[in-house]
Q: 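Could you have a look at this structure, given as structure tokens, before my questions?
Each chain gets a letter, A, B and so on, in the order the sequences are listed, and its residues count up from 1.
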Number of protein chains: 2
Amino acid sequence: MEQRHAAVLKAAGMKATPKRLAILELLEAESGYASPEELWKTLKGRFDRLGLPTVYRNLEELSESGVLTKVIHPNRQLYYYFCSNPEHHHHFVCLSCRKVEDIPSCGIEALEREVSIRNGGKVLSHILQLNGLCGGCAKKGEKA
Amino acid sequence: MEQRHAAVLKAAGMKATPKRLAILELLEAESGYASPEELWKTLKGRFDRLGLPTVYRNLEELSESGVLTKVIHPNRQLYYYFCSNPEHHHHFVCLSCRKVEDIPSCGIEALEREVSIRNGGKVLSHILQLNGLCGGCAKKGEKA
DNA sequence: CCTCTAAATAGAAATGATTTCGTTTTAAAA
DNA sequence: TTTTAAAACGAAATCATTTCTATTTAGAGG
Ligand SMILES: [Mn+2]
Ligand SMILES: [Mn+2]
Ligand SMILES: [Zn+2]
Ligand SMILES: [Zn+2]
């Protein structure tokens, strides 16, 4: 429902433009993640004009405001996913069909087995990375 | 020791060329991760000729054979890290000074606290992503 | 409803990290 | 040594992503 997305945008301090609403609707309808260009190709038919930079810009802004989630992909291109789960959780992403499934807990070894068994899928690799500042740098404030 | 690296390369089925050895030595000497261009700038002075594509190629090959580890960075550029720890583990990377610290276990919540307290650092964000194939796709074999 | 303005968009062009490609060099097996 | 598949060169291409300036618009306020 457009109303719901408009509220989400307002809550994020963003104007509820038709293009933003269309992006959210499309991504929510998708079962998986999508690239900026893919979304653009689908959406540009629905508008007189729609620039690819606009799609990039909005996806980035929506990601920063937490409405969308970025997917880290081996091909290092950008992909976004609409996830309405407000709880802290992680994702299992399928590299083939792009489906995204929530993973509620954070124990990796156990998780891999769980995912394999529960969904019948196969975990080929996993990424766990903590980003931040080490003790020394946290004091100075960051430099680069 | 060059001998040790030569053995590592041989074990990986790669020729022990001077440039590969230099890359490994430099990365091992670094306490943190480095980009292809940074390595190239440092190393090209030590050779009559050293092409940036050669550095890229070797880093990728070394990463694929498990000798080096890729770092996932918010700026989405490539960074590599030399890690000799053969055990399964993950990394805490400092976005400021690029130091990399091993993280032996896989419980994220507990880990964030642990890292913060033990090293006095600050975890700004974390990435946990399982890559693989869902049940449906694992059967068919992958498509994209 | 209008007006007004900061925010959003267009679209062409630039960017720049990464890759490609055809040629030349070299590690190391025999 | 000889041989050759692998490695390196480096200029050029690629292409996803970003930048830039002019134009349009959402929505607050009247
Ligand atoms: Mn989710
Ligand atoms: Mn390590
Ligand atoms: Zn640091
Ligand atoms: Zn799948």
Q: Rounded to whole Å, how long is the line connecting atom CD of Glu60(A) with atom C1' of dT19(D)?
A: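 These atoms are roughly 15 Å apart.
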
Q: Between dG27(D) atom C1' and Leu21(A) atom CG, what is the distance in whole Å?
A: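 After rounding, the reported distance stands at 14 Å.
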
Q: Regarding Arg76(B), tell me which of base, sugar-phosphate or nothing describes its non-hydrogen contacts under 4.0 Å with the strands shown.
A: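 Here Arg76(B) touches the backbone only, sparing every base.
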
Q: Whole-Å distance between dT20(C) C1' and Leu52(B) CG?
A: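 Computing the Leu52(B):CG to dT20(C):C1' distance gives 13 Å.
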
Q: Does Thr17(B) make a side-chain N or O approach to OP1 or OP2 of dT26(C) shorter than 4.0 Å?
A: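 For dT26(C), OP1/OP2 do not have a side-chain N/O of Thr17(B) under 4.0 Å.
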
Q: Classify Arg57(A) by what it touches in the nucleic acid, base, sugar-phosphate, or nothing, heavy-atom distance under 4.0 Å.
A: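 Result for Arg57(A) = base.
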
Q: Working to the nearest 0.5 Å, report the span between CG of Leu52(B) and CZ of Arg57(B).
A: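 With rounding to 0.5 Å, CG (Leu52(B)) is 10.5 Å from CZ (Arg57(B)).
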
Q: Just how far, in rounded Å, is C1' of dT25(C) from CZ of Phe47(B)?
A: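 Checked: the CZ to C1' distance equals 14 Å.
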
Q: If you check the Pro18(A) side chain, which of dA26(D), dA10(C), dA8(C) turns out closest?
A: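 Ranking dA26(D), dA10(C), dA8(C) by closest atom to the Pro18(A) side chain puts dA26(D) first.
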
Q: Does a side-chain N or O of Lys15(B) approach OP1 or OP2 of dA29(C) to a distance below 4.0 Å, or not?
A: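 It does not, given that no N or O in the side chain of Lys15(B) lies less than 4.0 Å from OP1 or OP2 of dA29(C).
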
Q: Is Asn58(B) near enough to dA8(D) that one of its side-chain N or O atoms lies under 4.0 angstrom from OP1 or OP2?
A: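 Result: yes.
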
Q: Specify the separation, in whole Å, of atom OH of Tyr79(B) and atom C1' of dA17(C).
A: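 That distance rounds to 11 Å.
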
Q: Taking CZ from Arg46(B) and C1' from dA8(D), how many angstroms apart are they, rounded to a whole number?
A: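 My rounded result for the distance is 18 Å.
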
Q: Do Glu28(A) and Arg4(A) sit within salt-bridge range, that is, some charged N less than 4.0 Å from a carboxylate O?
A: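 Yes.
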
Q: Does the side chain of Lys19(A) get closer than 4.0 angstrom to OP1 or OP2 of dA10(C) through an N or O atom?
A: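 True: Lys19(A) side-chain N/O within range (under 4.0 Å) of dA10(C) OP1/OP2.
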
Q: Any heavy-atom pair between the side chains of Leu62(A) and Leu27(A) that's under 4.5 Å?
A: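 Not in contact.
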
Q: Ion pair present between Glu25(A) and Arg46(A), side-chain N to carboxylate O less than 4.0 angstrom?
A: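 Not counted as a salt bridge, because no side-chain N and carboxylate O are separated by less than 4.0 Å.
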
Q: So does Arg98(A) pair up with Glu30(A), basic N to acidic O under 4.0 Å?
A: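 No, no charged N to carboxylate O under 4.0 Å.
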
Q: Select from Leu78(B) and Arg49(B) the residue whose nearest nucleotide in DNA chain C is closer to the 5' end of that strand.
A: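 This one resolves to Leu78(B).
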
Q: Can you check the Glu64(A) CD to dT18(D) P distance for me, whole Å?
A: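 Result: 11 Å.
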
Q: Does a nitrogen or oxygen in the side chain of Tyr56(A) sit under 4.0 Å from OP1 or OP2 of dT17(D)?
A: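 Yes, within the criterion.
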
Q: How many Å lie between CE on Met14(A) and P on dA7(C), as a whole number?
A: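 Nearest whole value for this atom pair: 12 Å.
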
Q: Please tell me which of the listed nucleotides, dA8(C), dC9(D), dT18(C), lies nearest to the side chain of Gln77(B)?
A: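 Among dA8(C), dC9(D), dT18(C), the one nearest the side chain of Gln77(B) is dT18(C).
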
